[in-house]
Amino acid sequence: MSYAEIYQGWKKDPEGFWMEAAKAIDWDVPPTKALFDDNAPLYEWFSDGMVNACWNAVDRHVEAGRGEQTAIIHDSPVTHTKREISYVELRNRVATLAGALRAKGVEKGDRVIIYMPMIPEALEAMLACARLGAVHSVVFGGFAAHELAVRIDDCTPKCIIAASCGIEPGRVVHYKPLLDGAIEQASHKPDFCVIYQREQEVAHLEEGRDFNWHGFQYGVEPADCVPVEGNHPAYILYTSGTTGQPKGVVRPTGGHLVALNWTMKNLYNVDPGDVFWAASDVGWVVGHSYICYGPLVHGNTTVVFEGKPVGTPDAGTFWRVISEHKVKSFFTAPTAFRAVKREDQHGEFVKKYDLSELKAVYLAGERADPDTITWAQDHLGVPVIDHWWQTETGWAIAANPLGIETLPVKLGSPSVAMPGYDVQILDEGGHPMPKGEMGAIAVKLPLPPGTLQTLWNAEDRYRKSYLNHFPGYYETGDAGYIDNDDYLYIMARTDDVINVAGHRLSTGAMEEVLSSHPDVAECAVIGVSDSLKGQLPMGFVCLNTGNGRDAADVTRECVKLVRDQIGPVAAFKLACVVDRLPKTRSGKILRGTMVKIADGDSFKMPATIDDPAILDEIADALKTLGYPAA
Ligand code: COA
Ligand code: AMP
């Protein structure tokens with residue numbers, strides 16, 4: 001069947017479509033129906049089914065006689081190690097870990113925070129939680145202790161599983177002091193912590209609270225899989241909103257399994273046994289969906305890569321991994337390709353490796369610029385597919401579904417809506433816009449299985465952030481248009497979220513941090529264009545009058561404050577002191593105009609501006625930071 005037939009088939013009978021897809025999952029009790037809409041506009045899928053995610057990701061492949069197949073390949077150029085784990089080994093390791101967690105009191109519904117680098121044990125920890133029906137929340141290693149503390153207080157975990165350290169090129173990231181600091185800052189205290197001691201750094205364990213990963217598993221009874229309801233939360237994943245308080249996206253178990261499994265063949269075009277690699281991090285949604293659950297549920301081999309696109313050791317690393325492990329489908333962020341392209345314009349590294357097993361490359365996480373796609377297509381000789389989705393949806397809203405049909409690629413577009421998503425462009429009043437015209441991108445409710453069910457402990461915020469603005473729709477926060485062939489174009493965010501190297505960050509959260517500096521009277525953070533990372537945050541601060549502080553000292557302190565409070569991942573390095581911020585007469589800071597000046601774009605003087613002369617002062621300040629960039 002063609003994409004058009006499948007999409008229309010879904011539209012005609014959405015429930016039938018998803019009930020059919022649900023047959024590919026092992027249920028302890030099959031659901032009697034797909035959609036539960038009693039509580040609309042809050043929807044649930046497969047709520048009366050009983051299922052276990054770990055069973056589907058691990059045990060069922062062993063039961064089916066595929067236990068010897070490699071489940072996980074760990075390839076770690078930063079530690080110069082490689083390791084393979086078969087499905088049967090993974091089953092045994094996860095069952096024992098789950099048994100040890102249960103022996104310490106972790107049960108269905110308890111939250112467990114996981115703070116680990118790109119090692120197989122991170123996936124094992126996720127799967128062990130899933131085995132027990134515990135709700136994991138993975139926190140990215142590039143966040144500072146404060147961010148971890150905020151998440152501890154929000155999801156109140158019974159246990160935290162962490163590694164002793166992560167490894168970034170040129171430095172060891174000391175996880176344990178960050179963890180200890182976060183627990184100290186948080187009001188909620190976990191009952192216990194489990195620490196995976198890495199060779200590169202052995203951390204101090206706190207007597208009575210911290211347990212050694214290996215030691216605490218000794219002699220325990222392995223745990224069986226605990227069936228949970230289809231709407232039981234599989235995990236909470238925090239993502240940036242408009243404030244310093246991140247949003248805890250709640251992923252329901254049943255729909256998650258059904259939808260991810262469906263995408264593995266239909267979108268990524270892999271069959272069980274094929275090697276699938278998503279070069280992301282378990283701390284992001286891509287890591288949850290396509291390093292851990294998607295490939296494992298579908299019976300693929302997944303690659304856990306602990307390295308960077310460049311510098312570990314060179315710009316050929318991606319191609320080495322693809323060639324060595326026979327990767328069939330590869331998923332990364334455009335920024336990673338831009339980093340490689342910058343060091344290997346002519347693809348000399350690509351030529352060194354046999355990439356004959358590679359059939360397609362998928363890009364997501366930020367806008368894929370046509371230059372980058374063209375470079376990859378030219379050098380790799382396979383389709384390079386942009387696709388668009390969000391932490392909230394957990395899988396692609398729009399894509400080119402190669403497993404169904406290869407649609408023509410249009411540069412600058414992530415192609416067409418996937419079954420499950422009725423994507424519309426709306427004006428401010430919520431009316432559909434004509435083809436080709438820009439507006440807010442919204443998805444008609446209900447969202448498909450596998451998308452967020454609510455925000456953790458924050459249903460009101462869920463409604464306010466996503467449902468209230470356009471009744472009957474989910475508001476994506478992105479703006480764009482749809483062309484005459486129904487291809488989607490994602491052009492900008494409608495809120496203050498920025499995208500730095502494929503990482504979603506909130507300028508509002510950075511402003512909150514800057515405002516906490518004792519000498520800062522007011523501030524603004526904007527996202528300026530960057531040829532490598534897509535965007536970079538830039539801060540403008542006004543100082544309290546008469547404080548006599550040296551501007552350079554204050555900006556240095558501001559940079560350090562954001563790094564200490566949010567973390568190195570914020571990449572906040574550009575800041576300056578200004579006398580005043582440009583505002584409307586009603587006092588709204590003109591951030592959009594500041595972005596245009598920084599990017600060297602033309603702009604219309606806002607009619608409501610209070611004092612146009614301030615824009616010249618901003619332009620002067622930008623020059624000192626080297627913007628607009630040449
Ligand atoms: N733990 C601790 N620190 C981390 C970290 C982690 N897991 N990941 C990143 N950091 C730190 C980096 O060390 C860096 O710190 P520094 O300021 O001391 O140099 C900072 O956070 C920014 O990191 P990063 O965004 O990785 O920038 P970079 O300059 O080191 O590398 C790229 C640039 C393009 C190579 C890199 O951003 C990249 O590989 N991006 C791909 C992103 C991706 O996969 N996104 C997932 C969505 S699909
Ligand atoms: P995250 O939740 O971190 O995955 O970030 C989601 C946001 O990243 C989206 O709302 C978009 O703003 C942006 N994004 C992700 N994929 C794409 C894409 N293919 N094209 C354009 N923007 C994208």
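For ligands, and for the atoms within them, numbers begin at 1 and follow the listed sequence. Model, not experiment: these values are computed from the prediction. Worth knowing before you read on, the calculation uses all heavy atoms, side chains too, and leaves out hydrogens, waters and symmetry mates.
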Does atom 37 (O) of ligand 1 have a protein heavy-atom neighbour under 4.0 Å away?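 So atom 37 (O) of ligand 1 has protein heavy-atom neighbours under 4.0 Å.
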If the contact criterion is a heavy-atom separation under 4.0 Å, does Trp389 count as touching ligand 2?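 For ligand 2, residue contact (heavy atoms, under 4.0 Å) with Trp389 is present.
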Heavy-atom gap Gly477 to ligand 2 smaller than 4.0 Å: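 Checking ligand 2 against Gly477, which is what was asked, there is no heavy-atom contact under 4.0 Å.
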Test your reading of the structure: does [X] have an N or O sitting under 3.5 Å from an N or O of ligand 1?
| X | value |
| --- | --- |
| Arg171 | yes |
| Lys573 | yes |
| Thr332 | no |

Looking only at distances, can you tell me whether any N or O atom of [X], backbone or side chain, sits closer than 3.5 Å to an N or O atom of ligand 2?
| X | result |
| --- | --- |
| Gly502 | no |
| Asp478 | yes |
| Thr391 | yes |

For Tyr421, run the ring pair (Phe, Tyr, Trp, His ring centres under 6.0 Å) check against Trp389, Trp395, Tyr7 and tell me which one passes.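 Exactly one candidate clears the test, Trp395.
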I want to confirm something. Looking only at heavy atoms, which of Gly534, Gly502, Ala501 is nearest to atom 42 (C) of ligand 1?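 It is Ala501 whose heavy atom sits nearest to atom 42 (C) of ligand 1.
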Tell me the protein heavy atom at minimum distance from [atom], and give that distance in Å.
| atom | answer |
| --- | --- |
| atom 16 (N) of ligand 2 | Gly365 N, 3.1 Å |
| atom 18 (C) of ligand 2 | Glu366 O, 3.2 Å |
| atom 5 (O) of ligand 2 | Arg504 CD, 3.4 Å |

Ring center gap for Trp284 and His288 short of 6.0 angstrom: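 No, too far apart.
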For Phe330 together with Phe318, are the ring centres under 6.0 Å from each other?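 Yes, the ring centres sit under 6.0 Å apart.
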Interfacing atoms of ligand 1 (cut-off 4.0 Å, heavy-atom, Val286):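 By the 4.0 Å cutoff, the relevant atoms are 48 (S).
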Numbered atoms of ligand 2 (with element) below 4.0 Å of Asn499, judged on heavy atoms: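 With Asn499 as reference, the close atoms of ligand 2 come out as 8 (O), 13 (C).
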Verdict with reasoning, Asp386 to Arg367, per salt bridge (Lys or Arg N to Asp or Glu O under 4.0 Å): CA-CA 8 Å; Asp386 179 17; Arg367 188 178 149 76; over 6 Å; no
Heavy-atom closest contact (Ile498 atom, Val500 atom, distance):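 Ile498 and Val500 have their closest heavy atoms at CD1-CG2, 3.8 Å.
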